[in-house]
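Some notes on the structure that comes next.
These values consider heavy atoms only, across backbone and side chains, with no hydrogens, waters or symmetry-generated copies.
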Amino acid sequence: MYTRENQKPSRKSVIRMDPDCAICHAPATLACDCEAKGLEVAVRQAEQRMMQSIYNDIRSWVRAHAQDYILEYFRLLTERRKTAHTAHLDRITAHAYHYYHAPPHPNEIAAAQAQLKRGIDEDWQASVQRYPEVLEYFYSLVELTLPDDNEPAVKDPPLSALSGSRKAGRRANGGPGTVASGPSIAHHEREIRDLPLPRRTPPPLEPLRERRTPGPSGRRTAFRPPTNPPPPQSYYPPY
């Protein structure tokens with residue numbers, strides 16, 4: 001009979017089973033990039049659907065305020081230019097009446113008008129050339145905020161596959177829908193559209209790079225809890 005010291009504990013064998021590629025079904029050992037490329041395409045498509053309207057709103061807001069600023073800047077320059085032109089006309093008119101007792105020569109008036117036109121053209125050119133810095137300034141006032149990672153909507157989204165039965169019950173009771181059911185997309189888009197626009201905007205291709213995006217639409221149905229078929233009518237009690 002063996003003693004306790006001679007008995008060696010049996011080691012549990014650990015079996016590692018990595019799933020095959022979900023797209024080309026190649027073994028995981030091949031390390032194909034199908035899933036990485038598919039995720040990149042899904043990110044671009046989700047960004048196009050959810051963020052394009054945000055980009056359009058930001059672009060329209062920045063464009064309108066930049067145009068207003070440039071036009072106001074040009075107006076101030078032209079007013080200064082016209083004031084100087086009026087003073088110049090008053091001087092040549094006073095000079096002509098003082099020395100010749102007659103209005104100024106038409107050529108002098110035409111030369112003054114031509115000088116005013118050249119000045120206005122220069123003012124407009126100087127105003128338009130300020131568009132890059134003005135656009136950058138108003139873009140810097142825009143801010144898109146990301147939710148905290150500990151918020152319930154981030155930690156336990158309604159499309160979670162880990163709690164499908166509870167989410168299904170919530171939808172049955174009239175709660176917010178999931179991505180598969182549709183209304184949550186519009187609700188989420190409205191929430192993003194209502195964000196304030198005060199400070200600085202991220203690069204256009206990575207506005208919400210810390211968010212998690214769902215899989216392609218064809219696989220969302222796998223996250224729904226299974227439903228049993230209704231029993232035959234004979235099972236129902238008679239009225």
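- Relative ring orientation between H65 and F138 is described as tilted, the plane-to-plane angle lying within the 30° to 60° band.
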Stepwise salt bridge (Lys or Arg N to Asp or Glu O under 4.0 Å) test for K37 and E40
CA-CA 5 Å; K37 292 180 178 178; E40 187 66 27; over 6 Å; no
Can you check side-chain contact (heavy atoms from CB on, under 4.5 Å) on H85 and R81, steps first, answer last?
CA-CA 6 Å; H85 172 71; R81 183 81 62 177; 5.7 Å; no
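- Between D123 and R80 the shortest side-chain heavy-atom distance does not fall below 4.5 Å.
- Here I58 contributes atom CD1 and Y139 contributes atom OH; the two are 7.5 Å apart, rounded to the nearest 0.5 Å.
- Contact between A96 and P103 at its shortest, heavy atoms only, is CB-C, 3.8 Å.
- Taking the side chain as every heavy atom from C-beta outward, T93 and Y97 approach each other to under 4.5 Å.
- Annotation: the span from H88 atom NE2 to Q113 atom CD amounts to 10.0 Å, rounded to 0.5 Å.
- Remark: the D121 side chain and the Q125 side chain contain no N/O donor-acceptor pair separated by less than 3.5 Å.
- How far NE2 of H25 is from SG of C34: 10.0 Å, rounded to the nearest 0.5 Å.
- L71 and I120 fall within the same hydrophobic cluster, defined by Ile, Leu, Val, Met, Phe, Trp and Tyr side-chain heavy atoms under 4.5 Å apart, directly or through other members.
- Atom CZ in F74 sits 10.5 Å away from atom CD in E79 (nearest 0.5 Å).
- Within the 4.5 Å cutoff, the side chain of L89 has heavy atoms near those of the I109 side chain.
- Under the 4.5 Å side-chain criterion, counting only non-hydrogen atoms from C-beta, D18 is not in contact with T29.
- The distance from atom CG of L77 to atom NZ of K82, rounded to the nearest 0.5 Å, is 12.0 Å.
- Sparse packing is recorded around CD of Q115, with 12 or fewer heavy atoms of other residues, nucleotides or ligands lying under 6.0 Å away.
- Considering NE2 of H95 and OH of Y100, their distance stands at 6.0 Å, rounded to 0.5 Å.
- The hydrophobic cluster containing Y131 also contains V142, counting ILVMFWY residues as joined when their side-chain heavy atoms lie under 4.5 angstrom apart, directly or transitively.
- Taking 4.5 Å as the limit, every side-chain heavy atom of D149 sits out of range of all side-chain heavy atoms of K155.
- For the pair D90 and T86, the minimum side-chain heavy-atom distance is below 4.5 Å.
- Grouping the Ile, Leu, Val, Met, Phe, Trp and Tyr side chains by contacts below 4.5 angstrom, directly or via other members, places L76 apart from I70.
- The cluster map of Ile, Leu, Val, Met, Phe, Trp and Tyr, joined by side-chain heavy atoms under 4.5 Å apart, puts L135 and V128 in the same cluster.
- Residues Y137 and V134 fall within the same hydrophobic cluster, defined by Ile, Leu, Val, Met, Phe, Trp and Tyr side chains chained together at heavy-atom separations under 4.5 Å.
- Here the closest non-hydrogen pair linking I23 and G38 is CD1-CA, 4.4 Å.
- What you find for Q52 and Q48 is that their closest heavy atoms are CB-O, 3.1 Å.
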